[in-house]
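Notes follow once the structure below has been shown.
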There are 2 protein chains.
Amino acid sequence: MKDYSSIINNINRYVSLSSEEEENLVSIIKTSRIKKKQFIIQPGFVCHSRTYIVEGAFRVYYLDKDGKEHTVSIGVEDWFVTDFQSYIDQSPAVNFAEALEDSLIFQMRYDDIEALCKKFHNLSEYFRLTTEKAFAFSRRRVISSISNTAEERYDEYVAKYPHIVQRVPQYILASYLGMSAEFLSKIRKQKMQKS
Amino acid sequence: MKDYSSIINNINRYVSLSSEEEENLVSIIKTSRIKKKQFIIQPGFVCHSRTYIVEGAFRVYYLDKDGKEHTVSIGVEDWFVTDFQSYIDQSPAVNFAEALEDSLIFQMRYDDIEALCKKFHNLSEYFRLTTEKAFAFSRRRVISSISNTAEERYDEYVAKYPHIVQRVPQYILASYLGMSAEFLSKIRKQKMQKS
DNA sequence: AAGGTTTCTTAATCTACTTCATTTTTAGTC
DNA sequence: GACTAAAAATGAAGTAGATTAAGAAACCTT
């Protein structure tokens, strides 16, 4: 019997699952270990599952026409990783999702989740509420990327996710924050000198 | 008996409402007419409702520390307008929502929606599915704002929303796309000359 | 139709950030 | 513990786009 407490606790922060619901949910989970640098999503392939990170870290990124990397999201324990567009309409992904560390993940397939959401009101509510949060978060990021300077965006991120800053290579963080790796390096240098 | 067919049709694109569900939903709708330039959301006040646009157009924007406007969203008929962060945790808004034209709206309060989502599985599903779409959309916008040039962002918008481009002042579109009004004017001039 | 307000244009100057090319540091591997 | 690869730093030169300030259209409103 595996330990699903991490994801169950996550869900129970939003709704109260009955044991029947819990059993059904657990039954659609597939567990995998993923080595650092391994991909779980690649462009051209449909993103069939939502992936929950039990241990480890991932990033989602894509390559633009000039071959430059842009990091869409960075996730650690207790977060989900997806190419969301690919997932919701089961169309080919445009992003890569890559393990930044050796990781342990739970995966639940689209069809199974949709079936459970139709069957259990509570699960529908869980995904509704968490997606609402994710959407609000994404809007704040749009605002930030439109109206803040590179340095402000970096400061904001450090204030909010100090633990992630330590764990993730700087050039990846730069590409997440929408600036060049060199410029982030320069920003950090300035801060070192001031303090 | 008012005509709620626009919003009901919207919902029925995602789920099939029973007549009981439909009645309950309609019962929480408040209809208003809003004059151009009037605000329906203002910073400091909680955004109590989801607003559905029956006729007209709105924009959500906020003022940064330098007093510059940044447009978060632009909506026309059959769209929703919200300060989403304020709405989902019923905290004070940071944005304005302003009518760009004389408009007709339906408003549904947070408490009423949450109660109906708890009561009716179908409504929970409707909001889950639409929010998932909105989230995917927002992610694409983040990517676009991080990795495309101003001109590319403009082209993308024109291709996708040609009808909205006509209806909305240019300086508002510029602030939505994350560029100065002057620069958008320059981009448009270039295009005129090329063709 | 006149007067005022709002929106759009144009051009000059300025700057936040990129790009490129090289070097140094850190981390991973046999 | 040496070797290689990956990541970070550094500095010079270039550029996309902002800012400023002024004038020209477009638009309400009486």
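We name chains A, B, ... by the order of the sequence lines, and we start the count at 1 in each one. Heavy atoms only: backbone and side chains are in, while hydrogens, waters and symmetry mates are out.
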Response to the item:
Residues at least two apart in sequence or cross-chain that pass side-chain hydrogen bond (donor to acceptor under 3.5 Å, both in side chains) with A/Asp89, listed by chain then number, are A/Gln85, A/Ser91

Discussion item. My understanding is that only residues two or more places apart in sequence, or in another chain, count here; which of them pass side chain to side chain contact (heavy atoms under 4.5 Å, CB included) with B/Arg167?
Written reply: B/Ala57, B/Val76, B/Glu77, B/Glu101

Can I get a per-line list of side-chain donor-acceptor pairs under 3.5 Å for residues 117-135 of chain A, giving both atom names and the distance, sequence neighbours left out?
{"unit_1": "A/Lys118", "atom_1": "NZ", "unit_2": "B/Glu125", "atom_2": "OE1", "d": "2.4"}
{"unit_1": "A/His121", "atom_1": "NE2", "unit_2": "B/Cys117", "atom_2": "O", "d": "2.6"}
{"unit_1": "A/Asn122", "atom_1": "ND2", "unit_2": "A/Ser16", "atom_2": "O", "d": "3.0"}
{"unit_1": "A/Asn122", "atom_1": "ND2", "unit_2": "A/Glu21", "atom_2": "OE1", "d": "3.0"}
{"unit_1": "A/Asn122", "atom_1": "ND2", "unit_2": "A/Glu21", "atom_2": "OE2", "d": "3.4"}
{"unit_1": "A/Ser124", "atom_1": "OG", "unit_2": "B/Ser124", "atom_2": "OG", "d": "2.9"}
{"unit_1": "A/Ser124", "atom_1": "OG", "unit_2": "B/Glu125", "atom_2": "OE2", "d": "2.6"}
{"unit_1": "A/Glu125", "atom_1": "OE1", "unit_2": "A/Arg128", "atom_2": "NH2", "d": "3.0"}
{"unit_1": "A/Glu125", "atom_1": "OE1", "unit_2": "B/Lys118", "atom_2": "NZ", "d": "2.4"}
{"unit_1": "A/Glu125", "atom_1": "OE2", "unit_2": "A/Arg128", "atom_2": "NE", "d": "2.8"}
{"unit_1": "A/Glu125", "atom_1": "OE2", "unit_2": "A/Arg128", "atom_2": "NH2", "d": "3.3"}
{"unit_1": "A/Glu125", "atom_1": "OE2", "unit_2": "B/Ser124", "atom_2": "OG", "d": "2.6"}
{"unit_1": "A/Tyr126", "atom_1": "OH", "unit_2": "A/Asn10", "atom_2": "OD1", "d": "2.9"}
{"unit_1": "A/Arg128", "atom_1": "NH1", "unit_2": "A/Glu132", "atom_2": "OE2", "d": "3.2"}
{"unit_1": "A/Arg128", "atom_1": "NH1", "unit_2": "B/Glu114", "atom_2": "OE2", "d": "3.0"}
{"unit_1": "A/Arg128", "atom_1": "NH2", "unit_2": "B/Glu114", "atom_2": "OE1", "d": "2.9"}
{"unit_1": "A/Arg128", "atom_1": "NH2", "unit_2": "B/Glu114", "atom_2": "OE2", "d": "3.4"}
{"unit_1": "A/Thr130", "atom_1": "OG1", "unit_2": "A/Tyr126", "atom_2": "O", "d": "2.9"}
{"unit_1": "A/Thr130", "atom_1": "OG1", "unit_2": "A/Phe127", "atom_2": "O", "d": "3.3"}
{"unit_1": "A/Thr131", "atom_1": "OG1", "unit_2": "A/Phe127", "atom_2": "O", "d": "2.6"}
{"unit_1": "A/Glu132", "atom_1": "OE2", "unit_2": "B/Arg50", "atom_2": "NH2", "d": "2.9"}

Worksheet item: For A/Arg141, which residues count as a side chain to side chain contact (heavy atoms under 4.5 Å, CB included) partner, sequence neighbours excluded?
Response: A/Tyr176, B/Val142, B/Ile146

Worksheet item: Given that both pair distances must be under 3.5 Å and the pair must be Watson-Crick or G-U, what runs of three or more consecutive pairs involve DNA chain D?
Response: C:4-7 with D:24-27, C:9-27 with D:4-22

Practice prompt. May I ask you to list the residues sharing a hydrophobic cluster with B/Val94, side-chain cutoff 4.5 Å, ordered by chain and number?
Written response: none

Fill in: Cationic N near anionic O, under 4.0 Å, B/Arg140 to B/Glu156
no

Worksheet item: What integer distance in Å separates B/Leu100:CG from D/dC27:C1'?
Response: 16 Å

Name every donor-acceptor pair, under 3.5 Å, that has one atom in a side chain of residues 23-38 of chain B and the other anywhere in the protein, sequence neighbours excluded.
{"unit_1": "B/Asn24", "atom_1": "ND2", "unit_2": "B/Glu20", "atom_2": "O", "d": "3.0"}
{"unit_1": "B/Ser27", "atom_1": "OG", "unit_2": "B/Asn24", "atom_2": "O", "d": "2.6"}
{"unit_1": "B/Gln38", "atom_1": "OE1", "unit_2": "B/Lys35", "atom_2": "N", "d": "3.0"}

Response to the item:
B/Ser138 and A/Ser138 have their tightest heavy-atom pair at OG-OG, 2.5 Å

Might you list the N or O atoms of the protein lying below 3.5 Å from N or O atoms in nucleotides 3-7 of chain D, with each pair's distance?
{"unit_1": "D/dA7", "atom_1": "OP1", "unit_2": "A/Tyr171", "atom_2": "OH", "d": "3.4"}
{"unit_1": "D/dA7", "atom_1": "OP2", "unit_2": "A/Tyr171", "atom_2": "OH", "d": "3.3"}

Discussion item. Taking salt bridge (charged side-chain N to carboxylate O under 4.0 Å, His left out) as the definition, give me every residue that meets it alongside B/Arg59, ordered by chain and number, with sequence neighbours left out.
Written reply: B/Glu69, B/Glu98

Worksheet item: Among residues 154-167 of chain B, which contact DNA chain C at a heavy-atom distance under 4.0 Å?
Response: none

Item to complete: For side chain to side chain donor-acceptor pair (under 3.5 Å), just list the numbers for A/Asn9 and A/Ser5, CA-CA rounded to whole Å, side-chain angles, deciding distance to a tenth of an Å, and then say yes or no.
Response: CA-CA 6 Å; A/Asn9 286 340; A/Ser5 59; 4.8 Å; no

Item to complete: Mind checking side chain to side chain contact (heavy atoms under 4.5 Å, CB included) for A/Thr51 and listing every partner two or more places apart, or none if nothing turns up?
Response: A/Ile40, A/Val81, A/Ile105, A/Gln107

Worksheet, complete the sentence: From the list A/Tyr62, A/Phe58, A/Tyr61, ring-ring contact (aromatic ring centres under 6.0 Å, His included) with A/Phe96 holds only for A/Tyr61

Item to complete: Spell out protein contact along nucleotides 11-30 of chain C as letters: B when the base is contacted, S when just the sugar-phosphate is, - when no protein heavy atom is under 4.0 Å; keep the 5' to 3' order.
Response: S-----BBBB-------S--

